Amino acid sequence: MAREGRGVPRREREPHRAFRRRGHEGFERRGRSSRCAYDADREAEIVTMRLRFAPSPTGYLHVGGARTAVFNWLLARKHGGVFILRIEDTDRDRSNEEHTRAILDGMSWLGIHWDEGPHFQSEGVERHKAEALRLLAEGKAYRDFSDAEAVREEARVRDMHPSRVAREQAEALGPEEAERRAEAGVPFAIRFRVPDGETRFHDLVHGEMRFGNDDIDDLVILRSDRTPVYNLAVVSDDANMGITHVIRGDDHLSNTPKQVLLYRALGFPEPVFGHVPLILGEDGKRLSKRHGATAVGEYADEGILPEAMINFLALLGWSPGDDREFMTLEELIDAFDAERILKKSSVFDTEKLSWLNGKHLAVKPSDQLVDHIRTRLRGQSSLRQELLDDQAWMETLLAVIKPRARTLDELADQARPFLLSDLAYEEKAVEKYWRKDPDAALDRLGRVAAAFEDADWSKEALEERLRALAEEMGVGAGKLIHPLRVALTGNMASPGIFDVLVILGRDRVSERIVEGVKRIREA
RNA sequence: GCCCCCAUCGUCUAGUGGCCUAGGAUAUCGCCCUCUCACGGCGAAGACCGGGGUUCGAGUCCCCGUGGGGGUACCA
């Protein structure tokens, strides 16, 4: 059974069929009434695409969920649809306000704005319950008085589905007896009676899907404590919200036939389904905490830009079809196409995320980066805080260090030497450029300082002076630059030395050279 | 166990029967640029899971196997 999903050529999938479906209530109609009856009818069939992201509040927004959200959102933006956020909070133990807050924060950080919601699954329990009761009244579901444990055991012994054992027992009981027990207050669960035959549905990414109903359990839709079960709740909520496209993780694929059956039994129009592959860790296993950071918030903390995260997430299981990888939001929205979503799960590669982030960082205007760096460096006592407030200076600094950083964290790290009130010297640098030949270092530092004395403090003028000095001394410019770099930054590596000079300014340069000279003498 | 999904360089991917001697990106390595580190440029290495079919021709279609993932709850 269900072999059909395989090998259905992509072109034959009909992804956007749901643009022309009728029957959803409460939809925005794109057309308005027209004098031409024929056209009006046709217009009325075209409904707005309505998508939702429905995470359960587990404490944070993980990257897999975020990717699903990105796909939904991109699709909504592309087609002028509505993107809805719904929190699946019916599992009381795992849900609380704080967890919900974390999801909302993650979404906000990404910049994925929802058009409706957040709605909460728990808001619909009365409706869910009513729908379960309705199915019972219509004979499409039955009361199950059995003991779950005992049923499972018998099913194991007789090698059959537990739910079929439950069904057997319910049938043996008979409707009158069931009614009598219910009246008497004996607790029961309500199970949906799966009809014979097979269940088919269309999936945006997998194509035509078929499941033999023999393999589908009579699922409980209302627990004996009168609370609804997930599979009923989603169907009820999605139908109630007029969802046209259910784009969600692959892990729901096997549950979908149950839901389809529920849609039909309840008389609700079916949405188009699209099951996107899961994201795996570097070892090919399902992404989990032991793979390191799995929450988008952790990447935010490390200094990943939201636009880079969206770009990266969009490229996991999808590609525009050409060689583009670095893409802006607009480009993503324009290029996104559900038909090109892959079936294969992909590995979350943080290296590539960093690279992409570097690209986004490089094109990000420096003035937009200043605040990020300020918040990262603010309050550090070793840093001259007043420099952080000098907007123009900060922008110059960031423009220079930006191309050599991949994350905001790195950017902040590279900014530190320029803000330090007392420079920290890297041991390796001191050893290599000062200690090896202290006399030469002293001499060179002294001459450089003298050459800069009355120089015009511009990149060009300083470079001219330094190179002229090197020429005069008959040494390579590097011989002067390296010890100078250690004196100015304390490090082996830094931006181009003339940029460093300009950023530091005449006074701090001479201060640092004096300090350097002092240190070399002391050593 | 049963049901379902998936399978191209380490990783992300292009590929819809001949354009594939399998393309791009990342990571790795080398060279260039150069005051260092990055950036950038150039180059190297690196893949169609295995076996059967179908076809004049298969990475592409079919079957089997293997591997990975998911589901199978009175979890979501």
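Lettering follows sequence order; numbering is per chain, from 1. These numbers were taken from a predicted model, which means no experiment stands behind them.
- Atoms CG and CG, on A/Asn255 and A/Leu262 in that order, are 11.0 Å from each other to the nearest 0.5 Å.
- We find that CZ of A/Phe326 is positioned 12 Å from P of B/G40, with the value rounded to whole Å.
- An OP1 or OP2 oxygen of B/A38 is reached within less than 4.0 angstrom by no side-chain nitrogen or oxygen of A/Arg406.
- Rounded to an integer number of Å, the gap from A/Arg210 CZ to B/C5 C1' is 16 Å.
- A distance of about 33 Å separates the C1' atoms of B/U11 and B/G53, rounded to the whole Å.
- Rounded to the nearest Å, the gap between the C1' atom of B/C31 and that of B/G70 is 47 Å.
- B/C42 and B/C33 have their P atoms separated by 15 Å, given to the nearest Å.
- Every residue two or more places apart in sequence or in another chain that forms a side chain to side chain contact (heavy atoms under 4.5 Å, CB included) with A/His372 is listed here: A/Leu369, A/Leu408.
- Here the CZ-OH distance, from A/Phe188 to A/Tyr142, works out to 13.5 Å after rounding to the nearest 0.5 Å.
- Nucleotides B/G46 and B/U21 are separated by 16 Å at their C1' atoms, to the nearest Å.
- Tested against A/Met327, the residues A/Leu332, A/Leu356, A/Asp334 include a single side chain to side chain contact (heavy atoms under 4.5 Å, CB included) partner, A/Leu332.
- For the P atoms, the distance from B/U60 to B/C2 is 28 Å, rounded to whole Å.
- Scanning atom types as modelled, one donor and one acceptor separated by under 3.5 angstrom connect the side chain of A/Lys352 and the base of B/C12.
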Next on the checklist: Applying side-chain contact (heavy atoms from CB on, under 4.5 Å) to A/Leu232 and A/Lys258, what does each step give before you reach the verdict?
Outcome noted: CA-CA 9 Å; A/Leu232 174 71; A/Lys258 297 177 187 172; over 6 Å; no
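- Remark: A/Ser345 is not in phosphate contact with B/G70, judged by side-chain N or O atoms under 4.0 Å from OP1 or OP2.
- Annotation: proximity of residues 461-477 of chain A to RNA chain B (heavy atom, distance under 4.0 Å) is found for A/Arg467, numbered in ascending order.
- B/U8 and B/C4 are spaced 24 Å apart, taking the C1' atom of each and rounding to whole Å.
- Comparing B/U54 with B/U16, their P atoms are spaced 24 Å from each other, to the whole Å.
- Residue pairs that meet the side chain to side chain donor-acceptor pair (under 3.5 Å) test with at least one member in residues 476-501 of chain A, sequence neighbours left out, are A/Glu426-A/Asn491, A/Lys459-A/Asp499, A/Arg485-A/Ser494.
- Partners of A/Phe53 under the ring-ring contact (aromatic ring centres under 6.0 Å, His included) rule, at least two apart in sequence or in another chain, do not exist in this structure.
- The base of B/C39 lies outside donor-acceptor range of the side chain of A/Arg404, with no N or O pair under 3.5 Å.
- The side chain of A/Ser319 places an N or O atom within less than 4.0 Å of a non-bridging phosphate oxygen (OP1 or OP2) of B/A14.
- Under the rule for a ring-ring contact (aromatic ring centres under 6.0 Å, His included), the partners of A/Tyr425 that lie at least two apart in sequence or sit in another chain are A/Trp434.
- Regarding A/Arg324, its CZ atom lies at a distance of 18 Å from the C1' atom of B/U26, rounded to whole Å.
- Between the side chains of A/Asp409 and A/Thr407, no donor-acceptor pair is found at a separation under 3.5 Å.
- The nearest whole Å value for the distance from the NE2 atom in A/His275 to the C1' atom in B/C5 is 11 Å.
- Residues from residues 407-416 of chain A placing a heavy atom under 4.0 Å of any atom in RNA chain B do not occur.
- Residue-to-nucleotide proximity on RNA chain B shows that, of A/Arg485 and A/Val347, the 5′-proximal contact is made by A/Val347.
- In this structure, A/Glu325 places its CD atom 11 Å from P of B/A14, rounding to the nearest Å.
- For the C1' atoms, the distance linking B/A22 with B/C48 amounts to 8 Å, nearest Å.
- Looking at A/Ser494, its side chain has no donor and acceptor atom pair within 3.5 Å of the base of B/C37.
- Across all strands shown, B/C37 forms no Watson-Crick or G-U wobble pair with both distances under 3.5 Å.
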